Amino acid sequence: MEINGLPLHPLVVHAAVVFGPLGALLALAYVSLPSRRDQLRWPMLGLVVVAGLSILAAYLTGRYFLTQRPELKQLPGVSTHRARARVLLAVTSAFTLVGVATAWLHTRTGVVRVLLLTLLGLSAAGTLVMVVLTGDAGARAVWGQ
């Protein structure tokens, strides 16, 4: 799990930090701009899936990185970063599932649409917040307070 001797986790994290918020912001645009939903449907779906996969990859490479370098667990802030990463994975998994369901059921109306849009908005906001908090904790763990 290295590229040119560099651990994969710090490299993959960049994708998660870019695609997570982009997917969340596009999902929030989908929720809040009803007149643009038809145009936003497929880009939103693509970014939601890429965001989910990149955050999953960051989580898995982070776990592997710590098994290879257990001394890093002693750094201040690593436990906070790990705890937030677990929450981020759960929130993003829900976000990805809701995003796919929303795109799949795009033409539905009534209660189904309201429920999907509400869940999509909440999970997108949660993903956005958790990407920032998790990334901040990771940066502080590596670079210090």
Side-chain angles (χ1 to χ4, degrees), residues 1-70 72-73 75 77-143:
M1 296 259 269
E2 293 183 354
I3 294 179
N4 265 355
L6 291 173
L8 194 54
H9 180 65
L11 301 172
V12 170
V13 161
H14 289 84
V17 168
V18 170
F19 292 119
L22 279 177
L25 290 172
L26 195 54
L28 289 171
Y30 179 91
V31 168
S32 60
L33 300 171
S35 64
R36 298 282 185 201
R37 281 193 191 130
D38 288 335
Q39 293 93 6
L40 294 174
R41 175 187 186 190
W42 296 113
M44 183 270 299
L45 175 62
L47 272 177
V48 164
V49 170
V50 170
L53 291 174
S54 65
I55 289 169
L56 175 62
Y59 180 81
L60 294 174
T61 59
R63 283 182 54 132
Y64 181 82
F65 186 43
L66 281 179
T67 63
Q68 297 303 304
R69 306 254 329 259
L72 294 176
K73 292 179 185 177
L75 288 175
V78 169
S79 62
T80 301
H81 179 60
R82 290 176 70 196
R84 289 180 181 171
R86 283 190 292 273
V87 174
L88 173 60
L89 182 63
V91 169
T92 304
S93 296
F95 171 56
T96 304
L97 290 173
V98 171
V100 169
T102 302
W104 183 269
L105 301 170
H106 172 73
T107 58
R108 293 290 175 106
T109 59
V111 174
V112 173
R113 175 173 269 187
V114 170
L115 179 64
L116 286 171
L117 292 176
T118 301
L119 291 174
L120 184 62
L122 291 173
S123 62
T127 296
L128 192 57
V129 168
M130 287 312 301
V131 165
V132 171
L133 292 176
T134 305
D136 179 66
R140 289 182 188 276
V142 171
W143 300 104

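FYI, side chains are in, hydrogens and waters are out, and symmetry mates aren't considered; it's all heavy atoms of this structure. Each residue takes its place number in the sequence, starting with 1. All of these numbers come straight from a predicted model, not from anything done at the bench.
Within the model, atoms OH of Tyr59 and CZ of Arg82 stand 8.0 Å from one another, a figure rounded to the nearest 0.5 Å. From Leu75, atom CG reaches atom CG of Leu66 across 9.0 Å, with rounding to the nearest 0.5 Å. Rounded to the nearest 0.5 angstrom, Met130 CE and Arg86 CZ are separated by 10.5 Å. If you take NE2 on His9 and NE2 on His14, they are separated by 10.5 Å, rounding to the nearest 0.5 Å.
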Under 3.5 Å donor-acceptor pairs involving side-chain atoms of residues 98-108, not counting sequence neighbours:
| residue | atom | partner | partner atom | Å |
| --- | --- | --- | --- | --- |
| Thr102 | OG1 | Val98 | O | 2.7 |
| His106 | ND1 | Tyr30 | OH | 2.6 |
| His106 | NE2 | Asp38 | OD1 | 2.7 |

Walk me through it: do Arg37 and Leu117 pass the test side-chain contact (heavy atoms from CB on, under 4.5 Å)? CA-CA 11 Å; Arg37 281 193 191 130; Leu117 292 176; 3.3 Å; yes
One pair to check against side-chain contact (heavy atoms from CB on, under 4.5 Å): Val50 and Leu22. What are the steps and the verdict?
CA-CA 10 Å; Val50 170; Leu22 279 177; over 6 Å; no
May I have the step-by-step check of side-chain contact (heavy atoms from CB on, under 4.5 Å) for Leu120 and Phe95, ending in yes or no?
CA-CA 6 Å; Leu120 184 62; Phe95 171 56; 3.9 Å; yes
Note to self: Could you walk me through whether Arg41 and Leu45 satisfy the side-chain contact (heavy atoms from CB on, under 4.5 Å) test, starting with their C-alpha distance in whole Å, then the side-chain angles of each, then the deciding distance to 0.1 Å, before giving a yes or no?
What the structure shows: CA-CA 6 Å; Arg41 175 187 186 190; Leu45 175 62; 5.8 Å; no
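Under the 4.5 Å side-chain criterion, counting only non-hydrogen atoms from C-beta, Arg140 is in contact with Asp136.
Heavy-atom minimum distance, Gly20 versus Ile55: CA-CD1, 4.1 Å. The two residues Ala16 and Ala58 make their nearest non-hydrogen contact at CB-CB, 4.0 Å. Of all heavy-atom pairs between Ala137 and Thr80, the closest is CB-CG2, 4.1 Å. The two residues Ala124 and Ala27 make their nearest non-hydrogen contact at CB-CB, 4.0 Å. Contact between Phe19 and Ala51 at its shortest, heavy atoms only, is O-CB, 3.3 Å. For the pair Pro43 and Leu40, the tightest heavy-atom approach, listed with the atom from each and the gap, is CD-O, 3.4 Å.
For Asn4, there are no side chain to side chain donor-acceptor pair (under 3.5 Å) partners at least two apart in sequence or on another chain. Evaluation of the side chain to side chain donor-acceptor pair (under 3.5 Å) rule for Thr96 yields no partner, not counting sequence neighbours.
With respect to His81, the side-chain contact (heavy atoms from CB on, under 4.5 Å) criterion is satisfied by exactly one of Thr134, Leu133, Val142: Thr134.
In this structure, Thr92 contributes its side chain and Leu89 its backbone to no donor-acceptor pair below 3.5 Å.
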